[in-house]
Amino acid sequence: MKISVNKTRLQKEIDDLALITEAVPPVVTRVLFSESDLRGRAFVKNLCREAGLVLREDAVGNIFARWPGADKKLPAVVTGSHIDAIPNAGKYDGVVGVLGAIEAIRALQAAGFIPKRSLELIIFTSEEPTRFGIGCLGSRLLGGVLSLERAAALRDRDGKDLQFWRAQGGCQGALDSVKLPKDCYAAFVELHIEQGPILEAENIDIGVVEKIAAPSTLRLELTGVGGHAGATLMLGRRDALLAGAEIALAVEKAATTTGSPDTVGTTGVFRVEPGAVNSVPCRVWLEIDLRDTLVKTRDAALGQIETAVKEICTRRKIEFTMERLNVDSPAICDAQLVATTEAVAKKLNFSVKRMISRAYHDSLFMAQVCPTTMVFIPCLKGYSHRPDEFSSPSQIEKGVRVLAAVLAKIAAS
Ligand code: HGY
Ligand code: MN
Ligand code: MN
């Protein structure tokens with residue numbers, strides 16, 4: 001079966017979706033259930049309808065677009081990714097796996113493929129952590145990894161909860177209806193840009209993911225004593241920002257002293273109140289992202305950071321709250337599905353490499369539902385989560401062809 005990808009149409013759809021942003025193009029920002037996220041969802045749902053897919057949404061806004069197969073009793077083969085985007089993002093992260101999947105389905109339809117088992121595309125809710133500090137909200141609930149109590153307790157920085165944002169997103173139904181039954185799907189394969197430099201540096205067309213690194217997030221609130229910058233003498237100050245600054249450096253120290261180059265620590269959120277140049281910072285919020293491919297190493301670094309927070313705040317007489325928003329295990333991808341995907345890529349005469357994903361993805365949690373792997377394509381210098389993120393139409397086309405061929409192979413039997 002000759003699968004031909006319409007590169008021009010796909011690139012135009014990627015470019016058009018990138019214009020749906022709460023920032024100024026080419027900067028992409030689409031935060032969970034914001035006006036731009038809702039417009040982006042409508043854009044993608046429209047493309048799914050035009051491709052003849054049967055649409056439904058679950059109670060947390062995961063979108064399911066199904067190409068019904070001849071045998072409806074067989075578990076579907078699934079693909080998907082996300083279209084929400086962090087502030088100051090690019091236009092390929094997640095989007096390649098959603099629009100590329102629609103193009104893969106259209107290419108199979110055009111080639112006259114008739115699926116025996118259904119093919120389903122999932123556009124996951126809130127893969128990015130921007131709204132609540134925790135990523136993969138939709139796929140966590142699908143995989144039953146996030147308890148309903150934890151989900152109900154989630155708050156954004158203004159104190160708005162998940163219920164508020166579900167209402168903004170027009171979500172219907174109870175959250176306990178989201179969890180998918182085990183093995184309801186035959187396999188899940190996600191197409192994504194690598195978000196790292198390896199494929200480009202080694203001039204390799206396709207990455208096949210064997211393992212997804214273990215992410216964790218800490219949220220801290222530090223309370224000191226504010227005051228006039230001129231009248232408050234240095235002795236006895238309880239400056240919340242300086243405590244936060246020491247903690248951010250402790251994160252860097254913990255991540256750089258594990259002996260493993262795979263440990264990465266980032267204080268990505270650092271908010272200061274009142275934020276006036278002539279006022280001593282009285283409150284600070286930090287969100288800390290810590291990962292490693294090995295849980296043991298990651299957990300040791302996490303413990304080190306928590307100990308440092310207590311020592312720093314005690315010494316500086318700063319009150320603090322510290323919450324583990326998520327401490328996830330890595331995902332091991334299904335060996336057989338990895339081998340199948342690798343063989344498909346080779347048959348298409350693409351160079352291929354098995355890899356670890358340092359970024360997390362919805363695949364991290366879909367691996368709790370069914371056999372899972374990911375197809376990576378190179379991206380410019382590994383850039384991601386920045387507006388100059390880039391993969392070329394021909395790099396994307398190769399990823400889509402591999403995805404289409406893997407989906408067809410599994411859907412045919
Ligand atoms: O942060 C991540 O790894 C993903 O891009 N959300
Ligand atoms: Mn991302
Ligand atoms: Mn992503």
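We count ligands from 1, going down the list as the structure has it; atoms in each ligand are counted the same way.
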Sort by chain and number the protein N/O/S atoms found under 2.8 Å from the Mn ion (ligand 2). Asp93 OD2, Glu128 OE2, His385 NE2
Between atom OH of Tyr185 and atom CD1 of Ile410, what is the distance when rounded to the nearest 0.5 Å?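 Here the interatomic distance stands at 14.0 Å.
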How many angstroms lie between CZ in Phe188 and SG in Cys333, if you round to the nearest 0.5 Å?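 Result: 10.5 Å between the selected atoms.
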Looking at ligand 1, would His385 count as a contact under a 4.0 Å heavy-atom criterion? yes
Non-hydrogen atom of Gln195 closer than 4.0 Å to ligand 1: yes
Could you check which N/O/S atom of His192 is closest to the Mn ion (ligand 3)?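 Per the distance ranking, His192 contributes NE2 as its closest N/O/S atom to the Mn ion (ligand 3).
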For Arg354 and Thr341, test the side chains for any donor-to-acceptor distance below 3.5 angstrom and give the result as yes or no. no
Please list, chain by chain and in numerical order, all residues satisfying side chain to side chain donor-acceptor pair (under 3.5 Å) with Ser81, sequence neighbours excluded.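 Ser81: side chain to side chain donor-acceptor pair (under 3.5 Å) contacts with Glu190.
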Report, one line per pair, each donor and acceptor closer than 3.5 Å where one atom sits in a side chain of residues 15-24; sequence neighbours left out.
residue	atom	partner	partner atom	Å
Asp15	OD1	Gln11	NE2	2.9
Asp15	OD1	Lys91	NZ	2.6
Asp16	OD1	Lys12	NZ	3.2
Asp16	OD2	Lys12	NZ	2.6
Thr21	OG1	Ala23	N	2.9
Thr21	OG1	Val27	O	3.0
Thr21	OG1	Thr29	N	2.9
Glu22	OE1	Val31	N	3.4
Glu22	OE1	Ser34	OG	2.8
Glu22	OE1	Ser36	OG	2.6

For the pair Glu221 and Arg155, evaluate salt bridge (Lys or Arg N to Asp or Glu O under 4.0 Å) and give the outcome as yes or no after the intermediate values. CA-CA 14 Å; Glu221 181 175 341; Arg155 295 287 180 278; over 6 Å; no
Out of all atoms in ligand 1, which are within 4.0 Å of some heavy atom of Ala359? Include the element for each. 3 (O)
Working for salt bridge (Lys or Arg N to Asp or Glu O under 4.0 Å), residues Glu306 and Arg324: CA-CA 10 Å; Glu306 290 170 328; Arg324 289 184 167 195; 2.7 Å; yes
Out of Glu127, Arg291, Glu128, indicate the one that has the non-hydrogen atom closest to atom 1 (O) of ligand 1.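 Residue with the shortest heavy-atom distance to the ligand atom: Arg291.
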Review item, side-chain donor-acceptor pairs of residues 293-302, under 3.5 Å, at least two apart:
residue	atom	partner	partner atom	Å
Thr293	OG1	Asp262	OD2	3.3
Arg298	NH1	Ala214	O	3.1
Arg298	NH1	Pro215	O	3.1
Arg298	NH1	Asp328	O	2.9
Arg298	NH2	Asp328	O	3.0

